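Notes follow once the structure below has been shown.
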Amino acid sequence: MNIFEITGWDLSTSAAGTTRLLELLSLLSGGADRLCVEAHFLDFESMEAVAAKLPSPRFALYGWGKIADDSCFSRKDFRLIQSARILFGLQSLTVIPDEQMPGYDWHGNPSGSFGVTYAERNQEPVQVGAQKPDAMMVALISEMAVRVVGPVAKVTTSTTMTGDYREHAYTVSVPSVLVIPFVQVLSQQLGLRNGIGSFEFLGTTESIKSVYASEYYAFTEFPNNCWSWNGGVGKTTFALERASYLRPVFNTDAIQLTAIASIIDSLGSRIARYSVIRKYLSWNLTSGATSPRTQGNFAMLSKQKAGYAILLGYEQYADEDPPVKLFKKAIEPIVKCMGGELKRVQYIK
């Protein structure tokens, strides 16, 4: 994949960056009417302000809390789980969305399934019989998976080895509506007690506010072994579409983007991170040719330490796809006519 930054423009505000991004998309590509906005908020009020212009069921809250036993999974807040990692001593449960994306032509919808993983950690030196995933555990988890998910459920195993321990993991892909029932069955049947977990909750601002006001979770001072799911760049208690570059879910129309940008600018430093991205673009090339809709074809507006940056991506996914030189030949003159320069960069800013 080839990444280019547009330099030479005054992109000091989100509004200015949005204007340029929309101009580029209208000139360089077709079918970019839907986009994904990512934002990380320092407080609930700034999240509410953005939600007024961009209502979504995918606002996020990051916290940690104690899990006494399987009865905890009956609480309403667990219906909002997007990601979770719960430690029970040397055992753990992890829930993450299935993230595999196709090479070509994706329409911005979440997968609708999650990977649920039960893992057991064995301290080195590992005893004989614990060097590989346990066949009896595979059979037990498979029986539980078939009971909850149905006969299509399958268990995959993996092993992580370090100098200190060897961890065997057992993973089942589960439809989103069955994730918490399956986690509850696993916890009950495996006798998991007295855990501590880190969670990503996803929902509307109203449902997020309800979890935030509950007595079950803390949102700062995460324990060392219980990190925040939003602990990377732009880490905050609240967010919208975290990690959108990896799996962007469309949440706004291009026509709404200018109003959203004005809200972002008005909130200033209360927005720790902000970006707008569209992947799987079809770029208009020379002689009327277009590039296939691939994951590496993208346009992105990204907040920096000072101002904003616009990045373009081009991918020659298969040998028969147009090479990058045709992309540059078509795009570079247009960018120059707009007063900008096309600069190759090594990574996403």
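Note that the structure is a prediction, hence the values are computed from the model and not measured. For the single chain, residues carry numbers from 1 onward in sequence order.
At a threshold of 4.5 Å between non-hydrogen side-chain atoms, the residues Thr237 and Leu61 count as touching. The side-chain heavy atoms of Gln295 and Tyr280, taken from C-beta on, include a pair separated by under 4.5 Å. The shortest distance between side-chain heavy atoms of Tyr308 and Ile264 falls below 4.5 Å. Between Lys53 and Gln256 the shortest side-chain heavy-atom distance does not fall below 4.5 Å. For the pair Arg193/Asp70, a side-chain contact is recorded, criterion being any heavy-atom separation below 4.5 Å from C-beta on. Side-chain contact between Leu326 and Thr286 is present, with heavy atoms from C-beta onward closer than 4.5 Å. Using a 4.5 Å cut-off on side-chain heavy atoms (C-beta onward), Ser275 and Cys36 make no contact. The shortest side-chain heavy-atom distance between Glu45 and Arg270 falls under the 4.5 Å cut-off.
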- Query: Taking it one step at a time, do Asp69 and Ser71 satisfy side-chain hydrogen bond (donor to acceptor under 3.5 Å, both in side chains)?
  - Reply: CA-CA 6 Å; Asp69 52 41; Ser71 64; 2.4 Å; yes

- Decide side chain to side chain contact (heavy atoms under 4.5 Å, CB included) for Trp229 and Arg85; before the verdict, give the C-alpha distance in whole Å, the side-chain angles of both, and the deciding distance to 0.1 Å. CA-CA 9 Å; Trp229 284 93; Arg85 178 174 178 264; 3.9 Å; yes

- Can you check side chain to side chain contact (heavy atoms under 4.5 Å, CB included) on Trp64 and Ser228, steps first, answer last? CA-CA 8 Å; Trp64 64 276; Ser228 170; over 6 Å; no

- Message: Working note: Phe298 + Met1, criterion side chain to side chain contact (heavy atoms under 4.5 Å, CB included); need CA distance, chi angles, decisive distance, verdict.
- Response: CA-CA 10 Å; Phe298 72 86; Met1 184 176 64; 3.9 Å; yes

- Does the pair Glu48 and Phe41 meet the rule for a side chain to side chain contact (heavy atoms under 4.5 Å, CB included), with working shown? CA-CA 10 Å; Glu48 271 193 318; Phe41 312 96; over 6 Å; no

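Atom-to-atom distance recorded for Ser302:OG and Leu311:CG is 6.5 Å, nearest 0.5 angstrom. One finds the CG atom of Leu301 at 5.5 Å from the OG1 atom of Thr18 (value rounded to the nearest 0.5 Å). In this structure, Tyr274 OH and Leu240 CG are separated by 9.5 Å, a value rounded to the nearest 0.5 Å. To the nearest 0.5 Å, the span separating CZ on Phe182 from CZ on Arg147 amounts to 9.5 Å. Ile180 CD1 to Lys76 NZ: the interatomic distance, rounded to the nearest 0.5 Å, is 15.5 Å. Distance check: Glu5 CD to Glu341 CD gives 12.0 Å after rounding to the nearest 0.5 Å.
Nearest heavy-atom pair across Gln316 and Pro323 is OE1-CA, 3.8 Å. Nearest heavy atom pair, residue Leu27 against residue Ile334, reads CD1-CG2, 4.0 Å. Taking each heavy atom of Gln131 and Val126 in turn, the nearest pair found is N-CG1, 3.9 Å. Scanning both residues, Ile310 and Gly17, for their nearest heavy atoms gives CD1-O, 3.7 Å. Ser14 and Ala261 get closest at one heavy-atom pair: OG-CB, 3.3 Å. Here the closest non-hydrogen pair linking Ser187 and Leu93 is CB-CD1, 4.4 Å.
Met300 and Leu11 fall into different hydrophobic clusters, defined by Ile, Leu, Val, Met, Phe, Trp and Tyr side-chain heavy atoms under 4.5 Å apart, directly or through other members. Under the 4.5 Å side-chain heavy-atom criterion for Ile, Leu, Val, Met, Phe, Trp and Tyr, Leu21 and Phe250 are members of distinct hydrophobic clusters. At a threshold of 4.5 Å between side-chain heavy atoms, the hydrophobic network of Ile, Leu, Val, Met, Phe, Trp and Tyr places Leu312 and Ile348 in two separate groups. Residues Leu24 and Ile260 are members of one and the same hydrophobic cluster, defined by side-chain heavy-atom contacts under 4.5 angstrom among Ile, Leu, Val, Met, Phe, Trp and Tyr. Leu54 and Leu42 fall into different hydrophobic clusters, where Ile, Leu, Val, Met, Phe, Trp and Tyr residues are linked whenever their side-chain heavy atoms come under 4.5 Å apart, directly or through other members.
Cation-pi contact between Arg121 and Tyr165: present, with separation from the ring centre below 6.0 Å and deviation from the ring axis of at most 45°.
Between the side chain of Trp9 and the main chain of Ala16, no donor-acceptor pair closer than 3.5 Å is present. Between the side chain of Ser198 and the backbone N or O of Trp227, at least one donor-acceptor pair lies under 3.5 Å. With hydrogens and angles disregarded, no donor-acceptor distance shorter than 3.5 Å links the side chain of Trp283 to the backbone of Arg293. No side-chain donor-acceptor contact under 3.5 Å links Asn230 to the backbone of Lys235. At least one donor-acceptor pair closer than 3.5 Å links the side chain of Ser282 to the backbone N or O of Ser291. In this structure, Tyr170 contributes its side chain and Asp134 its backbone to a donor-acceptor pair below 3.5 Å. A donor-acceptor distance shorter than 3.5 angstrom exists from the side chain of Ser214 to the backbone of Val211, with no hydrogens or angles considered. In this structure a side-chain-to-backbone donor-acceptor pair under 3.5 Å is present from Asn251 to Val37. A side-chain donor-acceptor contact under 3.5 Å links Asp265 to the backbone of Ala15.
When only modelled atom types and interatomic distance are considered, Ser74 and Gln184 share a side-chain donor-acceptor pair under 3.5 Å. Under the 3.5 Å distance criterion, with hydrogens and angles disregarded, a donor-acceptor pair is assigned to the side chains of Ser12 and Asp10. When only modelled atom types and interatomic distance are considered, Asp164 and Thr162 share no side-chain donor-acceptor pair under 3.5 Å. Side-chain contact annotation: Tyr118 with Glu120, donor-acceptor N/O pair under 3.5 Å present. Judged purely by distance below 3.5 Å, without hydrogens or angles, the side chains of Ser173 and Asp98 pair a donor atom with an acceptor atom.
In this structure, Ile255 places its CD1 atom where only 12 or fewer heavy-atom neighbours from other residues, nucleotides or ligands lie under 6.0 Å away. No more than 12 heavy atoms of other residues, nucleotides or ligands sit less than 6.0 Å from atom CD of Gln100. The local environment of CD in Gln127 is sparse, with at most 12 non-hydrogen atoms from other residues, nucleotides or ligands closer than 6.0 Å.
Looking at residues two or more places apart in sequence or on another chain, you find a side chain to side chain contact (heavy atoms under 4.5 Å, CB included) between Leu140 and Met137, Met144, Leu190.
A salt bridge is absent between Lys209 and Glu206; no separation between the charged side-chain nitrogens and carboxylate oxygens falls under 4.0 Å.
Between Phe4 and Phe327, the two ring planes are tilted [angle within 30° to 60°]. By the 30° and 60° cut-offs, the orientation of the rings of Phe219 relative to Tyr217 is tilted. Taking the six-membered ring for Trp and thresholds of 30 and 60 degrees, Phe73 and Phe78 have ring planes more than 60 degrees apart, a perpendicular arrangement. Between Tyr212 and Phe44, the angle of the ring planes stays under 30°, which puts this pair in the parallel group of the 30/60° scheme.
When the options Arg58, Lys303, Arg273 are evaluated for a salt bridge (charged side-chain N to carboxylate O under 4.0 Å, His left out) with Glu38, the one that passes is Arg273.
A centroid separation of 6.0 Å or more is found between the aromatic rings of Phe222 and Tyr62.
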